[in-house]
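Take a look at the structure set out below.
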Amino acid sequence: HRLTGAFRTKAQQTNNMTLRENLGFGFMRDDAHVYCHDGPLRDRAGNLIEGIAIDSFRPLSRYLATDGVRAYACTFTWLRFTVLDVDAATFRLLDESHAVDANHVYFQNRKLAGASPARFRLLSESWGHDDRYLYHYGKRMRGADPATLRWVGAYLVDAQRVWYGGRALEGADAASFVSADEVAQDQATDRARPYRYGHADDPGPREQWERNWSPFFAARPELKGYWWHALIGQAVADVSTRELGGGYRVVGDQVYLHD
């Protein structure tokens, strides 16, 4: 019978020498079953999945497959699958984990609540949105405004919120939020404070923030009223001044004549 890329394993040699067809993405099939990494497809309870159309079974990625009637999605339980009753004629892959049909948007083994398949767009492998909602790994983010979404370095920003790693940054000012990747990886700042890896970041003592941040702000004169400007003003005010007479004075560790 028809075989493509068939090979034998020890397990197969003990099974009446039945050959399995390699379908890719870790899936195989023979006359009796579809397999994933040597085990027949099982549901989350560990039961063998019945009714698979073996001849038309086609893996789409490591997580999603279809047999032209239903879809099969790998769950977070290793090598267990959820059977999805999809519209098979319109079911298609968007990336390794996201798919759509005429009625729903899917992330691996679950439907995205409220998502419009006609308007859904991916921003990355983890972020997607339609005209109403923003999703991170299939979870809907509350309060997001998809119409104003924009990337700022590693951060996703809308009109009111800043997002990183599936959560909104508490207290972050979206209007003044800018990327600072040249300072450090996943670094950013708003007017009030710097951030790194999605958390407020202490700029450190004067020597540290001058070394790390002064070149950044010096190259961006359009940024005004940020925390760095306040620290600079405070540092200038804290410099001691001592008059020596005759027009000489000491400012910090420098001697000046007049100005």
Close side-chain approach of Leu156 and Leu134, heavy atoms under 4.5 Å: yes
Glu125 CD: over 12 foreign heavy atoms closer than 6.0 Å: no
Chi angles and distances behind the side chain to side chain contact (heavy atoms under 4.5 Å, CB included) call for Arg92, Val100: CA-CA 6 Å; Arg92 61 187 176 88; Val100 296; 3.7 Å; yes
Donor-acceptor pair, side chain of Arg80 and main chain of Arg42, under 3.5 angstrom: no
Geometric class of the Phe217/Trp213 ring pair [parallel <30°, tilted 30-60°, perpendicular >60°]: tilted
Heavy-atom pair with the smallest gap, counting every atom of Asp186 and Ala154: OD1-CB, 3.4 Å
Heavy-atom donor-acceptor pair, Tyr135 side chain to Ala115 backbone, under 3.5 Å: yes
Verdict with reasoning, Asp30 to Met28, per side chain to side chain contact (heavy atoms under 4.5 Å, CB included): CA-CA 7 Å; Asp30 59 20; Met28 295 178 288; over 6 Å; no
Shared hydrophobic cluster for Leu112 and Leu93 (ILVMFWY, side-chain gaps under 4.5 Å): no
Tyr63 and Asn109: side chain donor to acceptor below 3.5 Å: no
Ile49 and Arg70, any side-chain heavy atoms less than 4.5 Å apart: yes
Same cluster (ILVMFWY, side-chain, under 4.5 Å), Leu149 and Trp151: yes
Whether Asp130 side chain and Ser116 backbone form a donor-acceptor pair below 3.5 Å: yes
Distance (rounded to the nearest 0.5 Å) between Arg62 CZ and Gln108 CD: 9.0 Å
From CD (Glu96) to CG (Leu64), nearest 0.5 Å: 9.0 Å
Spacing of CZ belonging to Arg150 relative to OH belonging to Tyr155, to within rounding of 0.5 Å: 14.0 Å
Separation of Asp201 CG from Thr189 OG1 (nearest 0.5 Å): 9.5 Å
Shortest non-hydrogen contact from Ser176 toward Asp190: OG-CB, 3.4 Å
Separation between CZ of Arg121 and CG of Leu94, rounded to the nearest 0.5 Å: 9.0 Å
Residues Val34, Phe81; criterion side chain to side chain contact (heavy atoms under 4.5 Å, CB included); working and verdict: CA-CA 12 Å; Val34 173; Phe81 286 80; over 6 Å; no
From CA spacing to verdict: side chain to side chain contact (heavy atoms under 4.5 Å, CB included), Arg44, Thr82: CA-CA 7 Å; Arg44 298 178 68 176; Thr82 297; 3.7 Å; yes
Student check: side-chain heavy atoms of Phe216 and Trp228 closer than 4.5 Å: no
Option from Asp43, Thr66, Asp67 for which side chain to side chain donor-acceptor pair (under 3.5 Å) with Tyr72 holds: Asp67
Closest contact, heavy atoms only, Gly68 versus Ala88: O-CB, 3.0 Å
Enclosure of Arg211 CZ (heavy-atom neighbours >12, cutoff 6.0 Å): yes
Donor-acceptor contact present, side-chain Arg119 to main-chain Arg132, <3.5 Å: no
Minimum heavy-atom distance between Gly24 and Asn22, given as atom pair plus value: N-OD1, 3.0 Å
Donor-acceptor under 3.5 Å (Arg29 side chain, Phe57 main chain): yes
In one Ile/Leu/Val/Met/Phe/Trp/Tyr side-chain cluster, 4.5 Å: Val178, Ile232: yes
Shared hydrophobic cluster, Leu41 / Val69 (ILVMFWY, side-chain heavy atoms < 4.5 Å): no
ILVMFWY network linking Leu231 to Leu223, side-chain heavy atoms under 4.5 angstrom: yes
Separation between NZ of Lys139 and CZ of Arg167, rounded to the nearest 0.5 Å: 11.5 Å
Check: Tyr35 main-chain N/O paired with Arg20 side-chain donor or acceptor under 3.5 Å: no
ring-ring contact (aromatic ring centres under 6.0 Å, His included) partner of His98, chosen from Phe107, Phe91, Tyr137: Phe107
Trace of the ring-ring contact (aromatic ring centres under 6.0 Å, His included) decision for Tyr195 with Tyr164: CA-CA 11 Å; Tyr195 296 85; Tyr164 181 92; over 10 Å; no
Arg140 NZ/CZ over Tyr133 ring centroid, <6.0 Å and within 45° of normal: yes
Any Leu60 side-chain heavy atom under 4.5 Å of Phe25 side chain: no
